[in-house]
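Computed over heavy atoms, backbone and side chain alike; hydrogens, waters and symmetry mates excluded. Being a predicted model, the structure only gives us computed values, none of them experimental. Order of the sequence lines fixes the chain letters, A, B, ..., with proteins taken first and strands second; residue numbering starts at 1 for each chain.
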Amino acid sequence: MEEEYETQNPRKKLRLTKEQSRVLEESFRQNHSLNPKQKEGLAEQLKLKPRQVEVWFQNRRARSKLKQTELECEYLKKWFGSLSEQNRRLKKEVEELRGMNVRPPNISQQQPAATLTMCPRCERVATTFLDKGPATTTSTTPTKIIQPSAAC
DNA sequence: CTAGTCAACCTGTGCT
DNA sequence: AGCACAGGTTGACTAG
């Protein structure tokens with residue numbers, strides 16, 4: 001019970017020393033979760049209770065995930081911006097071509113300008129552009145250009 | 001275990 | 001300098 005806890009153990013905040021933080025960070029860098037043996041070992045090494053080590057890792061995972069989400073959000077915003085810009089340019093180009101009375105290729109035979117793929121290296125969303133190459137070529141095999149995500 | 005939250009503690013800033 | 005306040009950080013907790 002929280003109230004019982006409050007009366008018997010007023011929440012005094014422990015601050016980890018720089019060395020304790022360093023060791024925990026290093027351990028987290030190697031592995032984001034702990035087995036019971038590692039937990040005991042770290043607790044003993046750092047003169048902490050196993051529960052404190054466990055809670056530290058829980059918090060660290062949560063904050064790491066939050067940071068990652070923020071980074072991805074930033075990346076997607078930038079991506080959206082560049083796609084909007086690309087869309088604007090293409091629309092302008094279509095208008096210009098219409099003005100010249102040039103018929104665009106049959107839309108049903110066209111590949112999409114860009115598709116979404118997952119970067120196999122970092123498992124993040126990446127943009128895949130399909131480029132059919134120079135207009136003079138007879139090759140029908142499109143050249144695939146993959147742009148891995150920014151953090152990859 | 002994660003997600004959400006609380007609360008102690010820290011740090012930067014503006015005012016006197 | 002030193003005080004108050006706001007906002008950020010982080011250890012600890014609960015609910016699901």
What does the inter-axis angle of the helix from B:dC1-C:dG16 to B:dT16-C:dA1 come out as, five pairs per end, nearest 10 degrees? 0°
A:Arg63 (side chain) and C:dG11 (base): donor-acceptor pair under 3.5 Å: yes
Assess the residue pair A:Val23 and A:Phe28 against the criterion (side-chain contact (heavy atoms from CB on, under 4.5 Å)); give the C-alpha distance rounded to whole Å, side-chain angles, the decisive distance to 0.1 Å, and a yes or no. CA-CA 9 Å; A:Val23 172; A:Phe28 182 79; over 6 Å; no
Can you measure A:Leu46 atom CG to C:dG11 atom C1' for me and round it to whole angstrom units? 15 Å
Find the distance A:Leu14:CG to B:dA7:C1' and express it as a whole number of Å. 14 Å
What is the separation between atom CG on A:Asn59 and atom P on C:dT9, rounded to the nearest whole Å? 14 Å
Looking only at heavy atoms, which two atoms of A:His32 and A:Ser64 are closest? And how far apart? CE1-OG, 4.3 Å
Quick one: closest heavy-atom pair of A:Leu16 and A:Gln20, and the distance? CA-OE1, 3.4 Å
Using 4.0 Å as the upper bound for N to carboxylate O, is an ion pair formed by A:Arg60 and A:Glu25? yes
Of A:Ser21 and A:Arg51, whose closest DNA chain C nucleotide lies nearer the 5' terminus? A:Ser21
Nucleotide N/O to protein N/O under 3.5 Å, stretch nucleotides 1-3 of chain B:
residue: B:dC1; atom: OP2; partner: A:Gln58; partner atom: NE2; Å: 3.4
residue: B:dT2; atom: OP1; partner: A:Arg61; partner atom: NE; Å: 3.2
residue: B:dT2; atom: OP2; partner: A:Arg61; partner atom: NE; Å: 2.9
residue: B:dT2; atom: OP2; partner: A:Arg61; partner atom: NH2; Å: 3.2
residue: B:dA3; atom: OP1; partner: A:Lys65; partner atom: NZ; Å: 2.4
residue: B:dA3; atom: OP2; partner: A:Lys65; partner atom: NZ; Å: 3.3

I need the CZ-C1' distance between A:Arg15 and B:dC9, as an integer number of Å. 6 Å
Would you find more than 12 non-hydrogen atoms of other residues, nucleotides or ligands less than 6.0 Å from A:Gln58 atom CD? yes
Would you mind writing out the side-chain donor-acceptor pairs for residues 87-96 of chain A within the sub-3.5 Å range, not counting sequence neighbours?
residue: A:Arg88; atom: NE; partner: A:Glu85; partner atom: OE1; Å: 3.2
residue: A:Arg88; atom: NH2; partner: A:Glu85; partner atom: OE2; Å: 2.9
residue: A:Glu95; atom: OE2; partner: A:Arg98; partner atom: NH1; Å: 3.4

Does the side chain of A:Leu34 reach to within under 4.5 Å of the side chain of A:Glu54, using non-hydrogen atoms? no
Let's go through A:Leu42 and A:Trp56 carefully: what are the C-alpha distance in whole Å and the side-chain angles of both, what is the deciding distance for side-chain contact (heavy atoms from CB on, under 4.5 Å) to 0.1 Å, and is it a yes or a no? CA-CA 11 Å; A:Leu42 266 177; A:Trp56 188 92; over 6 Å; no
